[in-house]
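Below is one structure, written out as structure tokens; comments come after it.
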Amino acid sequence: MGAMLKQELLEFFNRPQLWLSVMAFGVFLVHVVAHLSIDEEDIRVAIYQTDADTAERLSTIIAAEAIVQEMSNIRVLERKTLSGDVASQLLADNADVAITRTDDGWRFLVKARSELEHKRLVRMAQVLGASLSQQRPWPLIAYSALQIRPDDDVDTGWPRTVQISGTSADPGAHARVFVPKTIALLSFMAAFAFACRSLLRDVSSNVLETYLVACHGRWREIVVPKVLVAVLGGLLTYLVLLTFALLAQGFYLKNGFLTVTIFEAFGWVASALFGVTCVMLARTESRIYLLGSGYLILLIMLSGLIAKISEKDVVLSWLASIIPLSYSMDVLSDWMCFGMVPLLSAGTFQIMLALVIVTSTTTVLSVRHYQRQL
């Protein structure tokens, strides 16, 4: 085994252009992900007046405009006089929320392109309505029973104090939430790719059988060195990309680095073992390229890189739960953003260890299948 490990290390370091190109591509990809423009745009609010507005009502509209302008994530458009239907004017002005003053109070009209956007705009309209209602609550009739009137001396015990706080996190653009996940994905794929390449080289050159004879048929003396070198490739990718994130993306090193790295290493081992399994089953370059491409797509879609799989779909949720990368992404994201470190006795460690055992079993079965084909 020592001789095989030495040979794999020499092969790995004798071709620095391969793994250096992988690192360079990873750095470029992390840089791109960190600068994705995914921040929510400001909500465009249009406040309208009419020719029939009295001086008193107009002064109220001007005061409301000043209040709205002080709110965050809102861009107030130039106030206009309604010349027709509010909905038509809203569309013509390309606004998201229209505000008009009526005899009954404030009227809000929202324009949304999707259900998610509709919910966001309705929430903002509710906040605006609560701010503009002042003396008389804006017509949220469903909550009228919760309002305590000035002449009501009865203590209802309803909580009046509101405290708003946020979890401490590194400041920066919203796109940076994808940086830890991208680092986990690329280091995961690096371990997979290095394991596939090492074993596929032996299969393609027909020397795998020679190594088996030299090792007296002991597969572990061939597979273990290849997995260790593949994990080394994943570790180097992880360190390079993490260093880049620390230097260029505003993250900083937190306590628990060693614990998180050990946890990530479980994922690299599982990924490398899966690479060996794929080569044992595919046996040809064209098939392994096809499997590798499909594997990458599944990782992106099921691991939570873009979004978590809905729990309503039982099958997809189960598939996502058996992908080690899902847990690697969550742990690395929690550590890089919030400094959270999983305990060694935590369930995530146990789940990751179980997935490594399952992957090892799959690798053993694939090796036996390959051996029967010889």
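Along the sequence shown, residues carry numbers from 1. All values below were derived from every heavy atom in this structure, side-chain atoms included, with hydrogens, water molecules and symmetry-related copies excluded.
No continuous path of hydrophobic side-chain contacts links M336 to L247 [ILVMFWY only; heavy atoms under 4.5 Å]. Under a hydrophobic-cluster definition in which Ile, Leu, Val, Met, Phe, Trp and Tyr are linked whenever side-chain heavy atoms come within less than 4.5 Å, directly or via other members, V279 and V367 are assigned to the same cluster.
S198 meets the side-chain hydrogen bond (donor to acceptor under 3.5 Å, both in side chains) test with E8, K226; sequence neighbours excluded. M124 is linked by a side-chain contact (heavy atoms from CB on, under 4.5 Å) to I43, I74, L128, counting only residues two or more places apart in sequence or in another chain. Residues meeting the side-chain hydrogen bond (donor to acceptor under 3.5 Å, both in side chains) test with Y238, sequence neighbours left out: T261. Under the ring-ring contact (aromatic ring centres under 6.0 Å, His included) criterion, F266 pairs with no residue, sequence neighbours left out. Partners of F188 by ring-ring contact (aromatic ring centres under 6.0 Å, His included), not counting sequence neighbours: none found. Taking the side-chain hydrogen bond (donor to acceptor under 3.5 Å, both in side chains) definition, one finds that S328 meets it with nothing, sequence neighbours left out. Take T277 and apply the side-chain hydrogen bond (donor to acceptor under 3.5 Å, both in side chains) test, not counting sequence neighbours, and it matches T363. Considering only residues two or more places apart in sequence or on other chains, D334 meets the side-chain contact (heavy atoms from CB on, under 4.5 Å) condition with F338, M340.
For residues 263-274, the set of pairs meeting the side-chain hydrogen bond (donor to acceptor under 3.5 Å, both in side chains) definition, not counting sequence neighbours, comprises S187-W268. Here ring pair (Phe, Tyr, Trp, His ring centres under 6.0 Å) pairs that include residues 295-318, with residues two or more places apart or in two chains, are F192-Y295, F274-Y295. Among residue pairs with one or both ends in residues 318-331, those qualifying as salt bridge (Lys or Arg N to Asp or Glu O under 4.0 Å) are K308-D330; sequence neighbours excluded.
Cation-pi geometry between K254 and F257 is not met at under 6.0 angstrom from the ring centre and within 45 degrees of the axis.
L58 shares a hydrophobic cluster with I62; the chain of contacts runs through ILVMFWY side chains whose heavy atoms sit under 4.5 Å apart.
Between R79 and Q49, the side chains place a donor N or O and an acceptor N or O closer than 3.5 Å (distance only, hydrogens not considered).
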